[in-house]
Amino acid sequence: MGDMEVTRKEEARAEIKIWNYMLGYVKIAVVKCAIELGIADVIENYGSPMPLSELATALRCEPSRLHRIMRFMVHYRIFKQEHINHHTVGFSSTPLSRLLIKGGEKSMVAFILFVSSPTWLAPWHSLSARVLETGNDISPFEVANGKDLWSYAEANPDFSELFNNAMGCDARLTVQATIEGCPEVFDGVKSLVDVGGGNGTALSLLVKAFPWIRGINFDLPHVVAVAPKSDSIENVGGDMFMSIPNADAAFLMWVLHDWDDEECIKILKKMSRSHSRR
Ligand SMILES: C[S@@+](CC[C@H](N)C(=O)[O-])C[C@H]1O[C@@H](n2cnc3c(N)ncnc32)[C@H](O)[C@@H]1O
């Protein structure tokens, strides 16, 4: 193949790829739409390939519009399309569509609704401004939404719930891996404080797996005020830069990435003073 031909092929591939970049938002928009309509839940409950007409009736949707959404998701293998008979096809669940079931054990619904929310997407529209500017430490989130993430969550309970539920999605997956992968870490730990523990999802899984542990879910006051209550977990509100409740051990997940090095050192110092493990 000559150089000219290689260049032409590369250019042709680039012309295809640019459409993928340009319309990249469509994937998340369709997945969000599927979640809001409850498509994965209805198809899973149906139990066999579900014809479009029945799906449209169950969801009270306009069939031809729903068809376009389903065609897109079949293309991306979110759902399977199977023949029911010579004339009719039906849609079935896949491992991917099961992640879109509300309340499912491995559900990613809350995380998807969070990352596709207007509040979370707004800062991405000014990414170039962030790269260009120097000496300005105001986060893109604050520039777009008028407050830093934690103050915004405090002032907007619906967003706070969206955020905490999203964190819970991830916690259900990662904490299970921790429980299975290194249970010995929790031997002899009578009390455990989860620093920045959100709505307590991680801690509730840990105390269930290791029932000898008394859990302390520590987070900002507005977060713990609405966290689920349980006998084995105490919810404590506060500021981790000021002080952290005492416990045998402290647990930290998805927190340090939010802070710069100096702030991380402050948090870790407060943590080391808060636990008195033998
Ligand atoms: C990215 S979330 C992680 C939540 C949880 N650890 C998880 O992985 O699911 C960070 C958490 O830090 C909490 N947080 C932020 N600033 C805090 C502070 N000054 N003191 C205590 N918690 C704080 C937030 O409210 C939020 O719940």
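Please read all numbers here as calculations on a predicted model, not as lab measurements. Throughout, residue positions are numbered sequentially from 1 according to the sequence presented. Counting starts at 1 for both ligands and their atoms, in listed order.
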Lys/Arg N to Asp/Glu carboxylate O, Arg172 vs Glu105, below 4.0 Å: no
Protein contact of atom 4 (C) of ligand 1 - nearest heavy atom, named by residue and atom, plus distance: Gly196 O, 3.2 Å
Heavy-atom contacts under 4.0 Å between Leu220 and ligand 1: side chain, backbone, both, or neither? both
Which protein non-hydrogen atom lies closest to atom 9 (O) of ligand 1, naming both residue and atom, and how far is it? Met167 CB, 3.3 Å
Ligand 1 to Phe241, heavy atom cutoff 4.0 Å, flagged ligand atoms 19 (N)
How about CG on Asn85, more than 12 heavy atoms from neighbouring residues, nucleotides or ligands closer than 6.0 Å, or not? yes
Considering non-hydrogen atoms of the protein only, which is the closest contact for atom 20 (N) of ligand 1, and what is the distance? Met240 N, 2.9 Å
Taking a hydrophobic cluster as the set of Ile, Leu, Val, Met, Phe, Trp and Tyr residues connected by side-chain heavy atoms closer than 4.5 Å, whether directly or through intermediates, do Val26 and Leu96 fall within one such cluster? yes
Taking heavy atoms and a distance under 4.0 Å, where does Val195 meet ligand 1: side chain, backbone, both or neither? neither
Is it the case that atom CE in Met22 sees more than 12 heavy atoms from other parts of the structure closer than 6.0 Å? yes
Can you name the atoms of ligand 1, numbered from 1 with element, that are less than 4.0 Å from a heavy atom of Gly238? 20 (N), 21 (C)
Output the list of atoms in ligand 1 that are nearer than 4.0 Å to some heavy atom of Val223, sorted by atom number. 25 (O)
Is a side-chain donor or acceptor of Asn164 paired with a backbone partner of Gly198 at a separation under 3.5 angstrom? no
Relative to the heavy atoms of Trp254, which atoms of ligand 1 are at a distance of less than 4.0 Å? 1 (C), 2 (S), 3 (C), 8 (O), 10 (C)
Any atoms of ligand 1 less than 4.0 Å from a non-hydrogen atom of Gly198? List them with their elements. 27 (O)
From the candidates Met253, Arg172, His222, the one that places a heavy atom nearest atom 7 (C) of ligand 1: Met253
Give a yes/no on ligand 1: does Trp259 have at least one heavy atom closer than 4.0 angstrom to it? yes
Should one rank Asp219, Leu252, Val255, Ile267 by closest heavy-atom distance to atom 14 (N) of ligand 1, which comes out on top? Asp219
Would you say Gly168 and ligand 1 have an N/O pair spaced under 3.5 Å apart? no
Determine, stepwise, if the pair Ile216 / Asp194 fulfils side-chain contact (heavy atoms from CB on, under 4.5 Å). CA-CA 6 Å; Ile216 302 166; Asp194 187 358; over 6 Å; no
As a test of understanding, state which of Trp150, Phe111, Phe141, Trp254 forms a ring pair (Phe, Tyr, Trp, His ring centres under 6.0 Å) with Phe163. Trp150
Quick check on Asp261: does its CG atom have over 12 non-hydrogen neighbours (other residues, nucleotides or ligands) under 6.0 Å away? no
Name the closest protein heavy atom to atom 19 (N) of ligand 1, giving the residue it belongs to and the distance to 0.1 Å. Asp239 OD1, 2.8 Å
Carboxylate-amine/guanidinium contact Arg98 Glu44, below 4.0 Å: yes
Around Asp260, counting heavy atoms of other residues, nucleotides and ligands shown, do more than 12 lie under 6.0 Å from its CG? yes
Which atoms of ligand 1 have any heavy atom of Asp258 under 4.0 Å away? 1 (C), 10 (C)
